[in-house]
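Worksheet: one structure, shown below.
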Amino acid sequence: MKYVSTSLNEKYLMDSLVKSKFFTSSALILFTSILVYQYITFGPFAPLQCQLLRIGCLDTEIHGYVAPEFIDVKKAFIKNFENGYEIGSSVAVYYDGNLVVDLQGGYADLEAKRKYDNNTLQPVFSSTKVMSAIMIAYLVDRGFLDYNKKVSTYWPEFAQGNKENVTLLDLVNHRAGLSYLNTKVTKSDLEDLDKFAKTLASQPHSFNGVSSRAYHATTVGWYLNEIVRRVDPKHRTIGKIISDEILEQYDLEFYLLLPPNFISRVAKLYEISKIRGIFDMFNVFFEWWIGMIPNSYFSEFNDKESVMYKTFQPSGPFKISDFSDLETLTVEWPSVNGITNAKSMAKLGAIIVNNGQPINSVTYKPLISKSTIDLMSTKLPETFDHVLYKNITPASGGFAYLRYPGIEDVEFIGWGGYGGSSFIWNRELGISFGYAMNGLLPPKYGKTGDLRLWSVLKEVVNVAKKLKKEQA
Ligand SMILES: *[C@@H]1O[C@H](CO)[C@@H](O)[C@H](O)[C@H]1NC(C)=O
Ligand SMILES: *[C@@H]1O[C@H](CO)[C@@H](O)[C@H](O)[C@H]1NC(C)=O
């Protein structure tokens with residue numbers, strides 16, 4: 001009896017232990033799953049306790065102006081903050097020549113609690129290429145440059161290494177075979193442009209002279225700058241011409257040469273955490289697994305002889321984290337280190353949509369004539385890009401025709417920048433759009449921008465379509 005009872009007791013004890021262990025571990029697994037789920041479904045820029053438990057989230061106060069018709073744009077913009085996808089950012093929209101959205105929110109410097117406001121400036125990486133391409137069109141318009149001329153007409157030493165037939169049109173459209181340089185560029189190279197021009201000229205064509213598109217991510221601005229120095233009567237760089245002839249005259253802030261006293265206005269940049277980066281890699285793996293990313297993309301990426309591999313090698317003097325520093329922002333690099341805000345990008349786009357006519361500025365001189373705007377907007381045939389590893393539809397002036405999820409029927413002209421910034425316009429709908437943010441999301445294969453941009457842009461397009469319909 002005693003024995004049995006003990007046995008029963010022990011059995012009971014064992015049973016309840018096993019059960020409670022089972023329940024505890026189940027509860028633990030469930031709890032961990034909920035945390036992981038919370039974590040991966042929430043934005044990467046919220047504090048950890050907010051990502052996991054939705055406590056201690058950043059405030060989501062938004063400042064600025066929105067026209068009543070465009071209120072849904074503000075709602076979409078706020079959602080990005082609420083969901084932890086923003087640290088600080090700004091979005092601006094012009095519609096038919098009027099500023100209809102000019103919103104800012106979050107922090108320019110999270111640690112110092114400096115607000116991201118209408119005084120904030122920030123690096124926009126490759127959105128800088130839109131500004132540089134507009135300046136090339138500006139010089140084409142004034143007769144200093146011709147897209148169809150060979151680069152060697154302006155720069156005889158350029159005609160080496162199978163580059164003798166490369167035209168300005170090839171160069172602005174990333175098909176000059178110059179997506180990388182064989183030598184690593186240092187900061188002192190960018191400070192001695194005469195010497196640097198020799199390095200640039202000596203680089204051989206990476207497709208042996210055959211025109212092939214391969215995104216000149218870091219290089220295009222260096223080449224354009226040398227050409228501009230040679231055709232400008234005062235031998236100025238693109239950045240210097242912008243400072244002398246564009247910014248005050250057209251009421252814009254877009255610096256290729258940042259005045260040093262403006263450094264305190266520049267937002268600090270933030271990247272996602274290492275753990276987030278790992279989740280992101282799972283996502284890449286998943287996209288490959290379901291066939292969204294072709295196998296050949298990875299083999300190209302790892303093939304040391306491929307143009308893509310060579311282009312992605314670190315080639316410039318600065319790391320991403322350097323891009324809020326004076327050192328980095330006061331040497332000119334017209335591919336990537338422009339400093340601006342959403343409003344200036346949208347306003348410059350609006351001047352293009354307005355056929356070059358200024359908007360609320362001290363000058364009455366058109367920025368670029370309508371005929372040159374038509375020329376630079378001309379659609380070129382869709383073509384495969386060997387670096388971005390996807391098809392691109394170029395607009396002659398060095399922009400691209402872009403489509404976005406949920407609004408695929410509308411094509412924008414422009415480009416975007418590393419981390420998510422965007423500088424685009426659509427002439428038919430009368431929209432121009434600028435978006436700048438200091439929370440940098442990793443680029444995704446085949447995508448232009450990310451969900452923050454898409455959700456806000458979609459509302460802009462919906463309202464503009466509705467207004468156009470009412471006007472008709
Ligand atoms: C910037 O924002 C402040 C505060 O909201 C406002 O007083 C000021 O007019 C704004 N400046 C411009 C140029 O919009
Ligand atoms: C440049 O064009 C000329 C004339 O069409 C051609 O003979 C030459 O092979 C071309 N050069 C290169 C590097 O493709």
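Indexing begins at 1, ligand by ligand and atom by atom, following the structure's order. FYI, side chains are in, hydrogens and waters are out, and symmetry mates aren't considered; it's all heavy atoms of this structure. Only a predicted model underlies this, so the values are computations on that prediction, with no experimental measurement involved.
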query: Judging by distance only, is a nitrogen or oxygen of Lys343 under 3.5 angstrom from one on ligand 1?
result: no
- request: Provide, to 0.1 Å, the distance between atom 1 (C) of ligand 2 and the closest protein heavy atom, together with that atom's residue and name.
  value: Asn165 ND2, 1.5 Å
Answer yes or no for [X] and [Y]: cation-pi contact, defined as NZ/CZ to six-membered ring centre under 6.0 Å and angle to ring axis within 45°.
| X | Y | answer |
| --- | --- | --- |
| Lys379 | Tyr401 | yes |
| Arg265 | Phe262 | yes |
| Arg54 | Phe42 | yes |

If you scan the protein for heavy atoms around [atom], do you find one that is closer than 4.0 Å?
| atom | answer |
| --- | --- |
| atom 14 (O) of ligand 1 | yes |
| atom 4 (C) of ligand 1 | no |
| atom 11 (N) of ligand 2 | yes |
| atom 7 (O) of ligand 1 | no |

- request: Using a strict 4.0 Å threshold on nitrogen-to-oxygen distance, state whether Asp194 and Arg229 make a salt bridge.
  value: yes
- line: For Glu164, the atoms of ligand 2 under 4.0 Å from one of its heavy atoms are 11 (N), 12 (C), 13 (C)
message: If you count every heavy atom of other residues, nucleotides or ligands that lies below 6.0 Å from Phe301 atom CZ, does the total exceed 12?
response: no
task: For this output row, return yes or no: ring centroids of Tyr297 and Tyr389 closer than 6.0 angstrom.
output: yes
Under 4.0 Å to a heavy atom of Asn118 - the qualifying atoms of ligand 1, by number: 1 (C), 2 (O), 3 (C), 8 (C), 10 (C), 11 (N), 12 (C), 14 (O)
